[in-house]
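Heads up: the structure comes next, in structure tokens.
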Amino acid sequence: HRIPRRDPERVAVAVTLLDSLRHLRETARGQGSDDGFSLVELMTAMAVFGLLMALVSAAMISGFSGIKTTMAKSEVQQQNQLAAEWMSRALSYAEVPEGVTPATPIDAATTNSITFYTNASLGTRAKIPYNEAPYKVTLSVDNSSSTTKTYVLAKQIAPLRSASGWTWTDAAAYTVTRKILTLPKTGTSPLSVTVHSCDPTIGCAASDLNVTLPMTSSTIAAPRVPNYVQFTIGDPADTRNVISRRVRLGESSASPRAR
């Protein structure tokens, strides 16, 4: 076969390119050898490549870990906010039930729990007909049901009409319990409570006192009455997400029952 006229030109160009590439390689290696890559060069290249991959992988893992931590903190902060909002709402709807003596909205309280009567529900009605008496709600800390978690619980008991008046029976048919906050177990309570009382006959601003806890419904003697509750809720190990509120009892009690 005859070789086309332009083929020698293409061959010359290809040879020239190969010579140029070979010259660049020899210049980079600082030698004139035409040998292939040595084992040392290959191992060095692999080591450099492995180091680069390790650095990139570490950066990616660190980035994903940071995103995961931020999302977890955001979720905890949202839980704290929701729990604090519900507690504030329930306390602001506190009410003295008809026929209950002593006439006080707080039945009992400790430094990390409180039981009171309120028209605010947990969002799920107990399995009895609706009535006009307030619910009995207990806010407490569960530190024993899990080895890794601590819970803030809200237990709502619906009222029953009896011959002697309203009663609150702690039975499954009339009780709803919810975990309003879940946190890692740290050994420190995620809920703290203080109760203040005052004498309305001389003015609450001038007669405000911190009630010694634990207390019962008869701890505060007339003419003094419970005035407000101050609480702190959140993870004690992360003070940035701890929320403190001071709520005047019954501030919204004149409104219809909150659902």
Side-chain angles (χ1 to χ4, degrees), residues 79-142 145 151-182 189-197 211 213-220 225-233 243 245-259:
Q79 282 191 51
N80 290 346
Q81 190 67 36
L82 291 174
E85 288 296 333
W86 188 87
M87 287 183 63
S88 299
R89 180 170 176 267
L91 289 166
S92 69
Y93 278 91
E95 183 178 297
V96 180
E98 179 184 352
V100 170
T101 55
T104 174
I106 298 180
D107 184 64
T110 68
T111 55
N112 54 21
S113 69
I114 184 170
T115 300
F116 58 100
Y117 301 97
T118 178
N119 284 320
S121 75
L122 287 173
T124 302
R125 294 174 58 180
K127 303 171 185 177
I128 62 172
Y130 171 80
N131 55 59
E132 295 300 327
Y135 298 108
K136 188 176 185 179
V137 169
T138 298
L139 299 169
S140 61
V141 176
D142 176 10
S145 62
Y151 307 106
V152 177
L153 304 179
K155 181 172 71 174
Q156 168 192 299
I157 303 176
L160 284 173
R161 173 70 79 176
S162 65
S164 58
W166 293 108
T167 60
W168 290 262
T169 303
D170 190 0
Y174 314 120
T175 303
V176 176
T177 301
R178 281 190 175 178
K179 297 172 182 175
I180 63 173
L181 185 60
T182 302
S189 174
L191 175 66
S192 63
V193 175
T194 59
V195 177
H196 286 247
S197 70
V211 180
L213 301 179
M215 63 164 284
T216 64
S217 58
S218 59
T219 299
I220 303 174
V225 296
N227 183 22
Y228 65 86
V229 171
Q230 186 163 342
F231 68 85
T232 300
I233 189 168
I243 298 175
R245 296 277 179 87
R246 189 177 82 164
V247 183
R248 191 171 299 279
L249 293 167
E251 193 171 25
S252 305
S253 61
S255 304
R257 173 175 293 201
R259 290 200 170 274

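Values below: all heavy atoms of this structure, side chains included; hydrogens, waters and symmetry mates excluded.
- For Thr115, the side-chain hydrogen bond (donor to acceptor under 3.5 Å, both in side chains) criterion is met by Thr138, not counting sequence neighbours.
- The two residues Pro105 and Pro226 have their closest heavy-atom pair at CD-CG, 4.2 Å.
- Under the side chain to side chain contact (heavy atoms under 4.5 Å, CB included) criterion, Ser162 pairs with Ser164, Thr167, sequence neighbours left out.
- Residues meeting the side chain to side chain contact (heavy atoms under 4.5 Å, CB included) test with Asn112, sequence neighbours left out: Thr110, Val141, Ser189.
- Taking Thr232 as the reference, Ser244 meet the side-chain hydrogen bond (donor to acceptor under 3.5 Å, both in side chains) condition, with sequence neighbours excluded.
- Under the 4.5 Å side-chain criterion, counting only non-hydrogen atoms from C-beta, Leu139 is not in contact with Val152.
- Remark: Ser192 pairs with no residue by the side-chain hydrogen bond (donor to acceptor under 3.5 Å, both in side chains) rule, at least two apart or across chains.
- When all heavy atoms of Pro102 and Ser218 are compared, the closest pair comes out as CG-CA, 4.0 Å.
- Put simply, the side chain of His196 does not reach to within 4.5 Å of the side chain of Val229, judged on heavy atoms.
- In this structure the side chain of Ser140 reaches within 4.5 angstrom of the side chain of Leu153, judged on heavy atoms.
- Scored by the ring pair (Phe, Tyr, Trp, His ring centres under 6.0 Å) test, Phe231 finds no partners at all (sequence neighbours excluded).
- Using a 4.5 Å cut-off on side-chain heavy atoms (C-beta onward), Trp86 and Val137 make contact.
- Residues satisfying the side chain to side chain contact (heavy atoms under 4.5 Å, CB included) test with Ala163, not counting sequence neighbours, are none.
- Listed by chain and residue number, nothing satisfies the side-chain hydrogen bond (donor to acceptor under 3.5 Å, both in side chains) test with Thr169 (two or more places apart in sequence, or in another chain).
- Scanning all heavy atoms of the two residues, the minimum distance from Ala154 to Ile180 falls at CB-CG2, 3.9 Å.
- Counting heavy atoms from C-beta on, the side chains of Asp170 and Lys155 come closer than 4.5 Å.
- Put simply, the side chain of Ile106 reaches to within 4.5 Å of the side chain of Val195, judged on heavy atoms.
- Remark: side-chain polar atoms of Thr175 are not paired, donor with acceptor, to backbone N or O of Ala172 under 3.5 angstrom.
- A distance of 5.5 Å separates CD1 in Ile114 from CG in Leu91, rounded to the nearest 0.5 Å.
- Sorted by first and then second residue, the pairs that involve residues 105-119 and meet salt bridge (charged side-chain N to carboxylate O under 4.0 Å, His left out), not counting sequence neighbours, are Asp107-Lys136.
- Listed here is the closest heavy atom pair of Phe116 and Ala94: CD1-CB, 4.5 Å.
- Side-chain atoms of Thr118 come within 3.5 Å of backbone atoms of Ala90 as a donor-acceptor pair (strictly under, hydrogens ignored).
- Closest non-hydrogen pair, Tyr228 versus Arg248, comes out as CB-CA, 3.6 Å.
- Considering only residues two or more places apart in sequence or on other chains, Arg246 meets the salt bridge (Lys or Arg N to Asp or Glu O under 4.0 Å) condition with none of them.
- Qualifying side chain to side chain contact (heavy atoms under 4.5 Å, CB included) partners for Ile243, counting only residues two or more places apart in sequence or in other chains: Asn80, Gln81, Ala84, Ile233, Arg245.
- Nearest heavy atom pair, residue Ser145 against residue Tyr151, reads OG-CE1, 3.6 Å.
- For Glu98, the salt bridge (Lys or Arg N to Asp or Glu O under 4.0 Å) criterion is met by no residue, not counting sequence neighbours.
- Remark: aromatic rings of Trp168 and Tyr117 are close, center separation under 6.0 Å.
- Side chain of Glu95 to backbone of Gly250: no donor-acceptor contact under 3.5 angstrom is found.
- Side-chain contact check for Val225 versus Ile220: every heavy-atom pair is 4.5 Å or farther apart.
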